[in-house]
Number of protein chains: 2
Amino acid sequence: MKARLGGDEGKHKFVLKTPKGTRDYSPKQMAIRESVFNAIITCFKRHGAEVIDTPVFELKETLTGKYGEDSKLIYDLKDQGGELLSLRYDLTVPFARYLAMNKITNIKRYHIAKVYRRDNPAMTRGRYREFYQCDFDIAGQFDPMIPDAECLKIVHEILSDLQLGDFLIKVNDRRILDGMFAVCGVPDSKFRTICSTVDKLDKMPWEEVRSEMVGEKGLSPEAADHIGEYVQLHGGLDLIERLLQDPKLSQNKLAKEGLGDMKLLFEYLTLFGITEKVSFDLSLARGLDYYTGVIYEAVLLQQENDHVDEPVSVGSVAGGGRYDGLVGMFDPKGRKVPCVGVSIGIERIFSILEQRVEASEEKIRTTETQVLVASAQKKLLEERLKLISELWDAGVKAEVLYKKNPKLLNQLQYCEDTGIPLVAIVGEQELKDGVVKLRVVATREEVNVRRESLVEEIRMRTSRP
Amino acid sequence: MKARLGGDEGKHKFVLKTPKGTRDYSPKQMAIRESVFNAIITCFKRHGAEVIDTPVFELKETLTGKYGEDSKLIYDLKDQGGELLSLRYDLTVPFARYLAMNKITNIKRYHIAKVYRRDNPAMTRGRYREFYQCDFDIAGQFDPMIPDAECLKIVHEILSDLQLGDFLIKVNDRRILDGMFAVCGVPDSKFRTICSTVDKLDKMPWEEVRSEMVGEKGLSPEAADHIGEYVQLHGGLDLIERLLQDPKLSQNKLAKEGLGDMKLLFEYLTLFGITEKVSFDLSLARGLDYYTGVIYEAVLLQQENDHVDEPVSVGSVAGGGRYDGLVGMFDPKGRKVPCVGVSIGIERIFSILEQRVEASEEKIRTTETQVLVASAQKKLLEERLKLISELWDAGVKAEVLYKKNPKLLNQLQYCEDTGIPLVAIVGEQELKDGVVKLRVVATREEVNVRRESLVEEIRMRTSRP
C-alpha cells in the first residue's frame, strides 16, 4: 500500500497512501457495499422512514459534552479563522441538533453517512477511523415501547435479509442498570463511570472488569461482587418476571419502571415473532452517555468446535437505544423530544461479505453495460459512434472501445472481461442491408437485426427473467 | 436559523446552527436531491462507468501544489498528533492519487461525493462550502478526442434529462490558449496567471480583466489588447477552420495541435448530434492548474426581455477537461496516465429544481409507505402489530400509529398528510370473519379482503401503471 516517492524537480519525498484508518473502495468493493446499502434502505423505507442529511462537520460546541470518555476521539478542524469545527462522531447528535434547530417534535427518519473517530483502527476486523453508519430513529411522544419494538424488528429484518448467519440481539435498559447499581451500593456519582466499565464485559473477562471497578474506579469489593452476580444473568420473559420479584430490585423505582417496560417490549416482540433472537442481558451497558432507557446491541454468532460449545460472538453489527434527553440539551427552553433509534454498523458486515465473495470466487460485475458497439473492419469509427449515440439516446447501456480501428478479437475479449452480454457489430454489408449483427457473448450465437428493431431486441435479451 | 441559547446549569451560551456555508437537507429536499442523483447515475451507468469511493480527507501533501491560487481555500484538520490531513477540495486529485497508488492505467469511473472549499458562500445562488460533485472520468491511452467527445455527450444527456431549460456547452483547449498567449507576446512565466485572469471573463467585463492583466499582472497593454481580440471569438467548425488559417496561430505548434483536435472533436460531436448546444469559445479558461488539453463548461441560459436580447448565462452547472499530467505527479516513476473527465455541479441544479417545486406547490411525498395499519375500535394494538408484522415480512411498506388507542379520524388524517394511499383496518368483526377492510384514501372506497389475499391486493393497487 505504501510507496515512498522521490518527486521530480527536487520536491520532498512523500507517501502515496490514504490517511491512517481510512481506505478507498474499488469498483468491486462498491458493488458489494451498494448491495448492502440497498438491503438496509429498502428496510428503512418499508418502515415508512424519511431521509435527511447533515454536514460532515458541526460547530465544535455542538459535539461537546455528549460522548463522555470518547470525546477525545473527535477530529477537530484547524482554526483557519472563523468558527471552530469538528467532524461528526456519530449521526445521533447531529440529528438531535437538527430537531432542536427546526423545532421538529415528530419524525421517523433514516440517515446513511460517514462518521469519524480517531480510534485505534483494526482494519482487518472492520474497524476504521472513517466509516459509514446507517441510522434509523423515531422521535416523538408515543405510547411506551411501540417504537422501541419496531427498532428491534428492523435489526432483525436487516440481519436476516443480509444472510450473515446466526445472530443475537442483546437488550437491557439504562434504568435497570442504574437501579441495579443503586441496590448494589454504587454511589450515585459513580453510576456513569461504572456503567462504562460494565460495557467492557464483551471484550474482557469479569475478573478484569471487577479489578477496574475496585482498583481504578474505587468501588467497594462487596458492591463489585454484587454487580457481578447480576451481570451474568440473561434470558427472556422468565428472567424479567423473576427480577420483578427480586426483593431488592423490585424496591427500586427506576429498576421497576425499566423491568415493566422490558416486559411490555417482550410482549410486542412476541407479536413480531422475533423473541427467539432477542436476549435480555444485564451485562449490556453501551458506552455513550446519552441513553436513558432501553438499549440494545446485535452480535453475529459463530459456531466453534462443531457444536460442542455455545456459539460465540464475533462482534457487534448494530446497536442503539432510547435517548429522551438529548434534544433537550439543544433546545433553548430545554423542551424534550423523546427519541429511540438504531445504528447499523456497515463496515463489519461489509468485511464479512467481502471475504465471502473472495472465498467463493464468484465473479461480480462492476458495470451494467448491455451491449458493446463493435466493428469487424477498419474505418468504421464514425459508424460505431453514430450507432452508439442512437442506443444511448434510447436509454440502452452501451460502450465502445476508444480506438479508431480495434480488432474484433479485442472487442470480444473486452466483453468477456467485463461481463457485457451482447455485441452489436456494424460492417460494410450490414450498413448496406440496414441491419446490425447482434452477437450473444456467452453462446457466440449471431443474428442480423433490422436497425430500427435493435433497441427492442437488446432490451428483450437483457431484461431479467 | 440562529437561536442563541442559554444552557442550563450555567453552561456557556451557544449558537444552534450548522457551520457557515453548510446546510441540512430536509426530507423534502432529499427527495429532490435523490431524483437528480438518479438521473445522473443512470446516465453514468448508461456509459458503462464503474464507481469508486475515497476518504473525505487526504494527506495534506497529496493536495499540495495542485490547485494554484485556490489552495488557500483548502480546509486543514487540526494537528492532533499523527498525519497532517486536509478535506478534499475536489474528486479529481483523489482520483489521480487512487490511480497512481493502485497502478491503474485504464478505468472509466464515476464518483459522487461531497467536497470542501473555504470560499465565500453565496447560498441563495447555490454556492456552499460543503457541496456535492458528480464526477465521470475516463483514464487511459486512447485515440484522440473519442473519450473527450463522450464526456460532452454525457453533459448534454444529463442537462437534457433534467429539463433545466436551455443550456450551452462552451469548449476550448489549454493548448490553444497557451498558443494564443505566445503569439500575443505573453512571457512563458505568465501563462498560468494570465489564464486565471481570462477565466474571470464570465464574471467581469473585458475592461476590468484587461486592467488586472496590465495592472496587477504586469502584462504589456499591446499584449492585453491582442488577447482581447481573440477572447471575443466563439463559434463552431467555421471558426476552427478560420483559426487554422490564422497567420499567427497557425505558426504556433501548440495552437495548431489544439485546433486540429478541436476540429476532430466537433466531427465526433456532429455524429452525436449535439453541436447545436456546443460553442468553441476562446474566452473559456477554467481556473485549475492541472488541465492540459480540451476544457469545457456548461452554462444554463435564460431568455431575458422577451426574446429581444440574446439569452444570458445564469451560471455554470458542469465543467471539466483533459488532465494528462496529474497522475504522473503521484507516480514514483512519473508514468503518465492520460485522463479526461467532467464534474456536474449538483447544487445549482438542485437550487433551480427546489425553487420550481416551491413555485408549483406540487406535493412531494417523502416516504413510500403503501398502507397504514389502523383500527376503528380500542384495544386492538396487538392485532395491528400482528398484521403489520405480516405485511413487513411480505415486503409491504407499512406504518402504524404508535398509540394504543388512536382515533380512526387521526389515522385517516395521517394518510392524507403523508400521502399514504391505502388503509388496512382491523376490527372485531373483521377478525372474526378472517378479513381486513381495505380503504382507498383518495376515493374513500372500502372493500373487505381475505387476510391471505391482502398482500397481493395491496401490491396490485399500489403498483405503478
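Lettering of chains follows the sequences in order, A, B, ..., and the numbering in each one begins at 1. Keep in mind that the numbers below use all heavy atoms, side chains included, and drop hydrogens, waters and symmetry copies.
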* Would you confirm whether D143(B), through its side chain, and K404(A), through its main-chain N or O, come within 3.5 Å as a donor-acceptor pair? => yes

* Asked: Checking heavy atoms, do the side chain of L87(B), its backbone, both or neither come under 4.5 Å from chain A?
  -> side chain

* Structure fact -> Interatomic distance, CG@L16(B) vs CG@L59(A), rounded to 0.5 Å, equals 9.0 Å

* So which part of I107(B) gets closer than 4.5 Å to some heavy atom of chain A, the side chain, the backbone, both or neither? -> side chain

* Side chain E368(A), main chain R46(B), donor-acceptor under 3.5 Å -> no

* Asked: Any sub-3.5 Å donor-acceptor pair from E83(A)'s side-chain atoms to K20(B)'s backbone N or O?
  -> yes

* Using non-hydrogen atoms only, which part of Y128(B) is less than 4.5 Å away from chain A: side chain, backbone, both, or neither? -> neither

* Report yes or no: does R118(B) contribute a side-chain atom to a donor-acceptor pair with the main-chain N or O of Q80(A) at less than 3.5 Å? => yes

* To do: Take the angle between the ring planes of F142(B) and Y402(A) and call it parallel below 30°, perpendicular above 60°, tilted in between.
  => perpendicular

* To do: Output the distance between atom CD (E58(B)) and atom OG1 (T22(A)), rounded to the nearest 0.5 Å.
  => 7.5 Å

* **Test salt bridge (Lys or Arg N to Asp or Glu O under 4.0 Å) applied to K108(A) and E399(B), step by step** => CA-CA 11 Å; K108(A) 177 161 57 178; E399(B) 286 185 72; 2.9 Å; yes

* Pick from K397(B), K78(B), R33(B) with the largest number of heavy-atom pairs that fall under 4.5 Å of chain A -> K78(B)

* Asked: D24(A) versus R97(B): any side-chain heavy-atom pair under 4.5 Å?
  -> yes

* To do: Under 4.5 Å heavy-atom distance to chain A, tell me which part of I104(B) shows up: side chain, backbone, both or neither.
  => neither

* Structure fact -> Interface check, chain A: of P147(B), G140(B), A100(B), G65(B), most non-hydrogen pairs under 4.5 Å belong to P147(B)

